[in-house]
Amino acid sequence: MMTASTSTTHDDGGVIVNGQQPSLLTSGKLLPSGNRRKPGKIALTVCFILLGICVAGLFTSTSGPIAGMWCVALMILLLFMSVPVAFSLSIPSILGAYALSGVPATINILGTSPFNAVSSWTYSVLPMFIFMGMLLSHSGMATRIYRATDRWLSWLPGGSGIGTVAAGAGLASVSGSTIGMTYTLGRTGIPEMLRAGYDKRIAVGTVLVAGLPGALIPPSMLMVVYAGIASVPVGPQLMAGAVPGVLIAVTFSIFIFCLSLFAPSLVGRSKNSAARRTPATWRQRFQSLGEIWGFPLIMVVLFGGMFSGAFTPTEAGAAAALTAMLLTLWYKRNDDPLGSVSRAAVSTVSATASIFFILIGAAMLTKMLAITGLATLLTDYITGLGLNRIGFLLVLVLLYLIMGMFFDTLSMMLLTIPILLPTLAAMDISALWFGVFVILLAEIGMITPPVGILSFVVHNITKNPEVNLGQSITLKDIFTSLLWFLPVAVLFIILMIAVPQMAEWLPDLLERAAGA
């Protein structure tokens, strides 16, 4: 169960939760520390008993694979106890190496894994992307993007909802944090939709799914992390998520549009609806575009540099971060501009260190799986089931939806990707496509009832009277809203399986253009 948290809002629209902005904290979770699930005393006692059983089983194991299974069980248990992800990954790995191979193997893991895990050139782009997102958060760009999309799209049937989804896709291009975007969209989008007469369940459901493109549309931190784990080029991996990210936003927009046609009362368009919004004037619309002129500028620098071949992904990230810093200094020129840049820099260092600690834990986990032989055993078992590509991927859909009830996206990736990667070649599955598939699945899992993290995040937001506008929005309302939106997300996943070219087309196009 998630604890309540207090939320305030900066004048620039940046949301502060428990005294800090939503970001990658030292826990390694994309979730403010005040919102982490904490076990009760009885549950904690049971967990410690199970810890003892796991450790005893590990040191008395008669074979490597069995020891590996005990290590995985220990790791999952530590995650359930809200132990930081980095420690949940590394402690069982170190114990497993010691139990199987003694002190030399343990020293080898401790001596080589930290450097090897974070010294990859692939990860050099991460601090730049994080810094860019932090700067734009402090500059108030999120609020400006939402205002622009709302003014331009609110005239459509279901326009406020479509504008919220479009704002989520736009924010995805400048921030890799789904939870950060959800906070921003929730604070601004839910009250706007309620004022427009939307059913409260449609309002919260729209905000929940509007953040899904954030993990796919570049620059995506999760895509960079996956590229490092899977040893694939970071540039093509980033581009692989662009088309699916845009398409899933379009899919939800079409769903909301159709909903407004067949059930207009749900979006405040019934004949008896008392809610009426004053339509935005053309002057207001063009004025809102003038407020976000920095957004397309960053996109030109980032994507134009990579598409033209003028920049490597790391150089493009650095150039985009520099552009974002100059924009922040301009937007905040009358409100402590240097302080905004300084706070963004400190947040970037904290977030980068957090990710690198997690990557070190993941590297230790990979070595442990190799030492125990568990990865090879699991690969042989999966291929021995006789599943074809579609059957294998459908099993993964079910697995990730269940895991998403308990773990955040990064935890799910680090738990499963090292185990699943050897199976991809046997199933004739592209590593680039699989990165998009698994990240989107993990993001969908984060909103899946009954324990989806984002569901509780939005529930906490709706407790604020400025957000709920006097309406009671319960956890049941949020879960009910997902019964309407989740099937659309699952259908999109099935479409991805049927048409893998949607993720592979853009990287292939850029590769051909670069070779021409």
Side-chain angles (χ1 to χ4, degrees), residues 1-9 13 15-18 22 32 34-35 142-143 146-147 149-151 153-154 156-168 179 181-211 252-253 255-257 259-280 447-486 488:
M1 184 173 179
M2 304 188 78
T3 58
S5 65
T6 57
S7 298
T8 59
T9 308
V15 180
I16 301 297
V17 182
N18 293 335
N35 287 327
T143 304
Y146 181 83
R147 186 161 53 233
T149 56
D150 182 61
R151 287 179 178 177
L153 298 173
S154 58
L156 285 168
S160 293
I162 295 172
T164 300
V165 173
I179 288 184
M181 278 189 298
T182 302
Y183 267 100
T184 301
L185 291 175
R187 293 279 303 185
T188 55
I190 291 176
E192 285 297 321
M193 284 184 277
L194 292 178
R195 288 190 190 99
Y198 276 59
D199 185 285
K200 58 187 177 181
R201 293 164 296 183
I202 295 296
V204 296
T206 300
V207 167
L208 278 167
V209 299
F252 282 119
S253 298
F255 172 72
I256 295 170
F257 179 81
L259 196 64
S260 68
L261 295 180
F262 295 103
S265 61
L266 294 177
V267 295
R269 295 182 65 88
S270 63
K271 294 181 179 179
N272 298 325
S273 176
R276 290 291 183 269
R277 292 189 64 187
T278 303
I447 64 175
T448 305
V451 203
I453 291 174
L454 281 181
S455 302
F456 290 92
V457 169
V458 172
H459 182 233
N460 280 337
I461 295 172
T462 58
K463 293 177 181 178
N464 190 319
E466 295 179 1
V467 175
N468 60 41
L469 303 183
Q471 297 192 39
S472 174
I473 301 178
T474 65
L475 203 55
K476 179 183 177 182
D477 293 326
I478 292 174
F479 288 161
T480 301
S481 73
L482 290 172
L483 294 178
W484 295 337
F485 286 92
L486 270 179
V488 180

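Note that the numbering runs from 1 along the sequence shown for the chain. The structure presented is a predicted model; accordingly, all values stated were derived computationally and were not measured.
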Contacts of type side chain to side chain donor-acceptor pair (under 3.5 Å), residue [X], not counting sequence neighbours:
X	answer
T474	D477
T206	none
D199	R201

Shortest non-hydrogen contact from [X] toward [Y]:
X	Y	result
S253	V165	OG-CG1, 3.6 Å
S455	I478	O-CD1, 3.7 Å
L153	A166	CD1-CB, 3.9 Å

Under 3.5 Å donor-acceptor, S160 side chain and M193 backbone: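 Pair absent, no side-chain N/O of S160 close to backbone of M193.
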Test item: Y198 side-chain N/O and G161 main-chain N/O as donor-acceptor pair under 3.5 Å: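 Yes; at least one donor-acceptor contact below 3.5 Å.
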Between CG on residue L482 and CG on residue L208, distance to nearest 0.5 Å: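 So the CG of L482 and the CG of L208 are separated by 5.0 Å.
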L469 CG to T462 OG1 distance, which is reported to the nearest 0.5 Å: 11.5 Å
Contacts of type ring pair (Phe, Tyr, Trp, His ring centres under 6.0 Å), residue F252, not counting sequence neighbours: none
CA sep, side-chain torsions, deciding dist, call: I190, V458, side-chain contact (heavy atoms from CB on, under 4.5 Å): CA-CA 10 Å; I190 291 176; V458 172; 4.2 Å; yes
Pair K200-L194, side-chain contact (heavy atoms from CB on, under 4.5 Å): steps then yes or no: CA-CA 7 Å; K200 58 187 177 181; L194 292 178; 4.0 Å; yes
Partners passing side-chain contact (heavy atoms from CB on, under 4.5 Å) against L483 (at least two apart in sequence or in another chain):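 Checked L483 against side-chain contact (heavy atoms from CB on, under 4.5 Å); zero matches.
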Test side-chain contact (heavy atoms from CB on, under 4.5 Å) applied to I202 and I256, L259, V207, the passing residue: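 Testing I202 for a side-chain contact (heavy atoms from CB on, under 4.5 Å) against I256, L259, V207 leaves exactly one candidate, L259.
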